Chemist: 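One structure coming up, written as C-alpha cells, with questions to follow.
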Amino acid sequence: MPGKPNPPTHLIRESLRSMPGYHLSAYDCPIKLNQNESPYELPDDLKRRILDRVQTEAWGRYPEPMPTDLVEALARYAGVGADRLIVSNGSNTLVQHLFLTAISPGTRVVVPRPSFSLYGQYVTICGGETVFVDLDDQFGFDVERLHATIETQKPGLTILCAPNNPTGCDINNEDLVNLLEVSEGFVVVDEAYGEFTDRTAIDLLDRYANLIVLKTLSKAFGGAGLRIGYLIAHPDVAAQVLKVKVPFDINTFSRVAALELLQHADLIRERAERIQQERTRLFRILDGMDGIVPYASSANLILFDVVTPDEIFNRLIDRGVLVRNVSSYPNLSRCLRVSIGTPQENDAFIDALKSSLEA
Ligand code: PMP
C-alpha cells in the first residue's frame, strides 16, 4: 500500500489556514511581569486545605457536567441568580463558547482596537466579520464612535474588554448603558480585570437582557493555573451557551480549589487594593521619567510609550525583568506593557528600566 504522506490540509477552513495563532514566547526571567497575573501566591495553608480536600474526592468518577456547588458559590460571590451563570475552564474558553453560540457566518462583531487579541481571532474562526473601532488618541474607549458604529453596522455582538487589556482604559456604566440602548445585538463586557476597578457591569444585568459579563479567577484571585472563568447573562442566553459548552470541563481539582478560594474573598480584595496602590505609585514614577509616557490604567497593568520598545524590552530581559512587548499590536508601535507586581518587583522593574534607558 502506498500510504498517504500528505494530510488533506485543503479541507481545513481557509479562514483558519491564513490566520496566525495565539503565540507567547517563553523567556526565563526571575521577575515576570508579562501576563497580568497576581504577584501574590496563594497562602500555603489554603493550598494545603485544597490538597486535603481533593484527596477525599473520587478521582475515578466523572465530575458533574456543570458543578452545581461551584456555580452557586460563584453566583453568591457575584450577587446574581445561579441560573444566569456558567462556569468553564477559563474565560478564554467562554469567549469561544459565546462566539460559537452567537456568531453565524457574516455576523458583524464590533471590537475596540487595540484590545485582547483573541477576540478577533475567534470571530474569524466562527466565520464572523470583525468591525474594529480604534481607541482614542489617549487609548481610551471612543464611546461616540462605538455608539455610531453600533448604530450603523448593527452588529450581532459587541465585545468590550473593560478594563481593557493591553491599555488599561475602562468604560463607566453610564456610557455602557448608552451602548446597550443602541445595540440590538449582544454587548459582552469582559471583566477579567474587574476587581481592580470600583464598577461592574453586573449591576446592569437586571435591566439589560442583551448584556453578557465575563469574569475569571485568573487575575485578582491569583488562580491563573486553576483555569476557572465564568459568564453571567440572562438565563435564556445562559441556557443556549450551555448547549455549546463541553461537559466535564471543570476538573475535580479546579472545582475544589475554586470553592476554597471563594471562601477567601476578603484576602483577594485586600490584595487587589494593594495592587491598585502599587499601580498609582508605579504610574507616578513612570510619569516622572524622561523618555517614558505611561497611560492611566484601571487594570493591574500599565501601558507605556518608549521610543525604542524592542531595544528596551531586550535590555529589561538582560536585567532579569520580563514585560510584554506589545509594539507589534495595532497602534502601539512605541509601547510596552508591564503588569503590576509586588513592591519589590516593581522597584526592580524601575531600576532595570532606568538603566536600560541609560545604556
Ligand atoms: N480576558 C482578558 C481580557 C485577558 O486579558 C485574559 C488573560 N490574558 C483572559 C480573558 C483570560 O482569562 P482566563 O485565564 O480566565 O482564560
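Just so it is clear, the model here is predicted, and its values are computed rather than measured. Counting convention: from 1, in listed order, for ligands and their atoms alike.
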Chemist: Does ligand 1 have an atom that lies less than 4.0 angstrom from a heavy atom of Y119?
Modeler: yes
Chemist: For residues Y77 and F221, establish whether the separation of their ring centroids is below 6.0 Å.
Modeler: yes
Chemist: Classify the angle between the aromatic ring planes of F349 and F304 as parallel (below 30°), tilted (30 to 60°) or perpendicular (above 60°).
Modeler: tilted
Chemist: Among all protein heavy atoms, pick out the one at the shortest distance from atom 12 (O) of ligand 1; state its residue, atom name and that distance to 0.1 Å.
Modeler: S91 OG, 3.0 Å
Chemist: Check each atom of ligand 1 against the heavy atoms of D190 and keep those under 4.0 Å away; list them by number with element.
Modeler: 1 (N), 2 (C), 3 (C), 10 (C)
Chemist: Against heavy atoms of S218, which atoms of ligand 1 measure under 4.0 Å?
Modeler: 13 (P), 14 (O), 15 (O)
Chemist: Regarding R274 and the six-membered ring of Y40, is the cationic atom NZ or CZ under 6.0 Å from the ring centre and inside 45° of its axis?
Modeler: yes
Chemist: At a 4.0 Å threshold, what atoms of ligand 1 neighbour a non-hydrogen atom of C161?
Modeler: 3 (C)
Chemist: Which of the atoms of ligand 1 are close to R227, meaning less than 4.0 Å from one of its heavy atoms?
Modeler: 13 (P), 14 (O), 16 (O)
Chemist: N/O to N/O below 3.5 Å, does that happen between N92 and ligand 1?
Modeler: yes
Chemist: If you define the side chain from C-beta out and look only at heavy atoms, does anything of R113 sit under 4.5 Å from L135?
Modeler: no
Chemist: Nearest to atom 7 (C) of ligand 1 by heavy atom, R324, K219, Q96: which?
Modeler: K219
Chemist: Between R227 (side chain only) and S254 (backbone N and O only), is there a donor and an acceptor less than 3.5 Å apart?
Modeler: no
Chemist: Using heavy atoms and a 4.0 Å limit, tell me yes or no: is N36 in contact with ligand 1?
Modeler: no
Chemist: Looking at ligand 1, does A224 have a heavy atom less than 4.0 Å from it?
Modeler: no
Chemist: Where's the contact between N165 and ligand 1, heavy-atom distance under 4.0 Å: side chain, backbone, both or neither?
Modeler: side chain
Chemist: Please check if the number of heavy atoms outside E144 that lie under 6.0 Å from its CD is greater than 12.
Modeler: no
Chemist: I'd like to know if E191 pairs up with K219 as an ion pair, taking the criterion as any Lys NZ or Arg NE/NH1/NH2 lying under 4.0 Å from an Asp or Glu carboxylate oxygen.
Modeler: no
Chemist: Specify the protein heavy atom at minimum distance from atom 6 (C) of ligand 1: its residue, its atom name, and the distance to 0.1 Å.
Modeler: F116 CZ, 3.6 Å
Chemist: Let's go through D310 and R334 carefully: what are the C-alpha distance in whole Å and the side-chain angles of both, what is the deciding distance for salt bridge (charged side-chain N to carboxylate O under 4.0 Å, His left out) to 0.1 Å, and is it a yes or a no?
Modeler: CA-CA 9 Å; D310 290 339; R334 285 167 53 116; over 6 Å; no
